[in-house]
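Order of listing sets the numbers, starting from 1, for every ligand and every atom in it. Predicted model, so just to flag it, every value in this text is computed and none were measured. Index from 1, following the sequence.
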Amino acid sequence: MTKAKEPLRVLAIESSCDESAAAVLDESRGLLAHELYSQVELHRIYGGVVPELASRDHVRRLLPLVRQALDRAGTAAAQLTGVAFTAGPGLIGALLTGAALARSLAYAWDVPAIGVHHLEGHLLAPLLEPEPPPFPHVALLVSGGHTQLIEVRGIGDYEVLGDTRDDAAGEAFDKTAKLLGLPYPGGPELARLAQSGTPGACRYPRPMLDRPGLELSFSGLKTAVLHSLRGRELTPKLRADVARGVEEAIVGTLAAKAVRALDSTGLETLVVSGGVSANQHLRATLTETVGRRGGRVYYPRLEFCTDNAAMIAMAGLARLRAGEHDSLAIQPRAQWSLETLTAVPLQPNAAAAAARLLHP
Ligand code: KG4
Ligand code: ZN
């Protein structure tokens, strides 16, 4: 079944939520292509992702995206040495579409298939950059569905240090944006509006900061915003000030907890990934705060902060390189803990080895 070809060249498929994506990553030549189709327009009128519509659209989009990625990468099927796909966590129907396609292609091409953890993809996205972060480091994973602080000792060696008790940071952005009448997905829209808001004009609570530990909570923010708007006319100035206040509360909380995680682990390197890591205010605040204490922050480039297949290719390649592959049965998982993953041995320096995957 395994074709012993060197170097590895992997096709990756992402379909965990509302982005259909395909990418081709070559171990010695780097990222050869990455294609993405966002379903944002499809879901906008519903104010959020409709799972059944997402699955149906993935079925329509994925195969053309795969063809396009292979064309752009100048890659024939016979040159591929493996297929990676997002196996979870995510919307189960959406995951199934990508998993079924990826598994079938790998079977037809007689190459191994590997199911990738979506959040491991986000964690490893910064390894696609010319200057990848060293291991071990602390990762702040902030997406629409997850908000976690993780000690990353190596690829697959993760310890969740703190998690949100309720809403994810991206969810908090999206929900408050909705209250301000902004279209879905609200995060980037709210961030744009916040630029014209007055700093400090609206101040919202930063929950859990007064307590020790690395737990987070964002569900109170929506209620606080609702409360602050009660009985007031929603003028353009008030909307911008509220947006600014919300962004400051979320960014302030995340920055304080990230620094606390660096303190508690004694590490100096912070990696920030997931959709919310595209937020410029968050990036500037973290770079400043961590830089002041002599540490360094690493981010994926903007297009690899939000969902994409390049990061799935990165994680899949590392696992295929370590000799892992899945059986013929596909087992997508809506829920999947990062801590159950197996460590991929990259010795002696995991970061340098991972970087060599891309930058020989
Ligand atoms: O990682 P991602 O693309 O999908 C998930 O796996 O969840 O993250 C999407 C989330 C959404 O909540 C979106 O509003 C948020 O990331 N987001 C932002 C920004 N860009 C995306 N939030 C704040 N500011 C941004 N610039
Ligand atoms: Zn994601």
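The shortest N or O to N or O distance between Glu19 and ligand 1 is not under 3.5 Å. For Ala191, no nitrogen or oxygen atom sits less than 3.5 Å from a nitrogen or oxygen atom of ligand 1, counting backbone and side chain alike. Any N or O atom pair closer than 3.5 Å counts here, and Gly170 shares at least one such pair with ligand 1. Considering backbone and side-chain N/O of Gly144, one or more are found under 3.5 Å from N/O of ligand 1. Between Phe173 and ligand 1, no pair of N/O atoms sits closer than 3.5 Å.
Using a 4.0 Å cut-off between heavy atoms, Gln280 makes no contact with ligand 1 at all. With a heavy-atom cut-off of 4.0 Å, Asp174 touches ligand 1 through its side chain alone.
The nearest non-hydrogen atom to atom 19 (C) of ligand 1, considering only Pro188, Ser38, Pro89, comes from Pro188.
The protein non-hydrogen atom at the shortest distance from atom 3 (O) of ligand 1 is Asp307 N, 3.1 Å.
Listed by number with element, the atoms of ligand 1 under 4.0 angstrom from any heavy atom of His122 are 1 (O), 6 (O). Listed by number with element, the atoms of ligand 1 under 4.0 Å from a non-hydrogen atom of Thr306 are 3 (O).
A cation-pi contact links Arg296 to Tyr298, judged by a cut-off of 6.0 Å to the six-membered ring centre and 45° from its axis.
Considering just the N/O/S atoms of His118, the one nearest the Zn ion (ligand 2) carries the name NE2.
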